[in-house]
Amino acid sequence: MNKFLIVIGGPTASGKTGVGIALAEKYGTEIISADSRQIYKETTIGTAVPSASELKKVRHHFIQTHSLKDYYNASRYETDVLEKLNILFQQYDIVFMVGGSGLYISAVCSGIDDLPVIDQTLRAKLTEKFREYGIEGIKAQLKLVDPDSYDKIDLNNHFRILKALEVSIQTGRPYSSFLTYQTRKRDFGIIRLALDMNRTELYNRINQRVDLMIGAGLVDEVKSLEKYRDKNALKSVGYREIFSYLDNRVSLDEAIDLIKRNTRKYARKQLTWFRKDNLYPWFQPDETDRMVTYIDAQMK
RNA sequence: GGUGCCAUAGCUCAGUUGGUAGAGCACAGGACUGAAAAUCCUGGUGUCGCUGGUUCAAUUCCAGCUGGCACCA
């Protein structure tokens with residue numbers, strides 16, 4: 001194997017962007033962003049996309065390439081990235097993938113089973129049923145259409161139940177029958193590493209970054225997106241809290257504190273994701289020399 | 001200066017008719033194959049202000065002290 005995808009993961013605000021650019025410059029290659037929110041065109045400030053000067057240093061892919069008006073998910077990301085890698089590997093032996101969206105990274109590295117595209121009106125109907133009858137109502141229906149999923153799925157989690165229901169109902173086949181859990185073989189090597197730092201420092205960086213976002217005009221950005229507020233892309237940290245402020249549900253200061261708090265929670269959740277996967281060795285963001293040593297050793 | 005009230009987890013507070021205490025948030029850990037910055041689960045981290053007294057036993061009752069708040073001077 002002579003082609004390598006080098007994955008740089010880690011929590012938000014841990015310095016992935018800077019490290020990715022430094023390493024991509026060193027190896028003379030390009031970066032695939034693995035960020036489920038920076039992929040959207042319409043959002044900039046709240047998603048902390050790399051700056052124009054950063055983007056000029058190294059070519060990035062999947063940054064602000066899709067509209068939040070269009071439905072997107074991890075499976076489409078897998079397909080799109082593999083296609084892009086095919087092209088990039090004609091020119092480069094090494095390509096970097098940098099980002100904090102664990103499921104998206106996993107879809108590219110290990111694959112994700114194929115599922116039919118779901119009719120959005122069916123999803124809306126099932127969501128309505130959940131609102132009306134609560135979790136018990138959709139649980140009962142799942143038990144009928146897909147008992148295997150009923151036994152396996154976290155039955156407190158309505159998203160999981162709704163997913164299984166919509167697939168089962170639309171196809172007439174149980175959701176569980178689509179899942180093989182087989183790791184897909186890739187024709188390139190994968191080298192993973194993750195960034196972390198002292199927790200207090202990480203939280204300070206998060207707090208500072210939120211203040212910078214507010215200073216950069218996050219409130220105006222959110223205001224301008226009012227008409228899309230029901231889209232998935234805007235159910236993100238930073239957007240939902242500002243909408244709540246614009247609705248007069250909280251003060252601006254409260255909204256800012258909430259964004260900081262929810263970003264901290266998000267960072268912890270990301271750490272959990274990368275930790276469970278023992279394939280990620282951990283690095284401080286300033287240890288680029290050690291990362292290079294590790295990458296070179298892995299490629300041999 | 002006097003009187004009254006308050007002092008319990010990082011914060012806001014509840015509670016124990018005397019048997020060393022529990023909620024929310026914060027914080028920490030985890031799950032997660034198509035909404036994933038989503039969604040869901042788990043965990044109480046404590047010199048109950050200090051010093052004495054009463055009691056088999058005090059965070060709880062009593063006294064004093066310290067700090068805070070309110071009112072009266």
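All values derive from a computational prediction rather than experimental measurement. The analysis underlying the following values was restricted to heavy atoms, covering all of them including side chains, and did not include hydrogens, waters or symmetry mates.
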Nucleotide nearest A:Tyr203 when distance is taken to its side chain, options B:rC27, B:rU33, B:rG34: B:rC27

Which whole number of Å gives the distance between the [atom1] atom of [N] and that of [M]?
N      : M      : atom1 : result
B:rA58 : B:rU47 : C1'   : 14 Å
B:rG43 : B:rC13 : P     : 26 Å
B:rA70 : B:rU51 : P     : 28 Å
B:rG4  : B:rU12 : C1'   : 24 Å

Under 4.0 Å between any heavy atoms, over every strand shown, what does [X] touch: base, sugar-phosphate, or nothing? Just pick one.
X        : value
A:Gly238 : nothing
A:Tyr175 : sugar-phosphate
A:Asp230 : nothing
A:Tyr40  : nothing
A:Thr47  : base

Donor-acceptor pair, side chain of [X] and main chain of [Y], under 3.5 angstrom:
X        : Y        : answer
A:Lys16  : A:Pro11  : yes
A:Ser236 : A:Ala233 : yes
A:Thr79  : A:Ser75  : yes

Dot-bracket encoding of pairs in RNA chain B, which uses [ ] for pseudoknotted crossings and | for another strand, Watson-Crick or G-U under 3.5 angstrom: (((((((..((((.....[..))))((((((.......))))).)...(((((..]....)))))))))))).

Where the chi angle of B:rG34 falls, syn if within 90° of 0 and anti if not: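 You should classify B:rG34 as syn.
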
Ring-face cation of A:Arg275 near A:Tyr280 (centre distance under 6.0 Å, axis angle within 45°): no

NZ or CZ of A:Lys269 within 45° of A:Trp273 ring axis and under 6.0 Å: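 Not flagged: A:Lys269 not positioned over aromatic ring of A:Trp273.
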
Test of ring centre spacing under 6.0 Å for A:Phe89 and A:Phe188: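 Yes, the ring of A:Phe89 comes within the 6.0 Å limit of the ring of A:Phe188, centre to centre.
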
Under 4.0 Å between a side-chain N or O of [X] and OP1 or OP2 of [N]?
X        : N      : value
A:Tyr104 : B:rA36 : yes
A:Thr272 : B:rG30 : yes
A:Arg123 : B:rA35 : yes

Contact residues, residues 140-168 of chain A to RNA chain B [heavy atom, < 4.0 Å]: A:Asp154, A:Asn156, A:Asn157, A:His158, A:Phe159, A:Arg160, A:Leu162, A:Lys163

Contact list for RNA chain B against residues 248-270 of chain A - heavy-atom distance below 4.0 Å: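 Hits under 4.0 Å, by residue number: A:Arg261, A:Arg264, A:Lys265, A:Tyr266, A:Arg268, A:Lys269.
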
Whether A:Tyr77 and A:Tyr72 hold their rings parallel, tilted or perpendicular, with breakpoints at 30° and 60°: perpendicular

A:Tyr294 OH to A:Glu287 CD distance, which is reported to the nearest 0.5 Å: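 These two atoms lie 13.5 Å from each other.
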
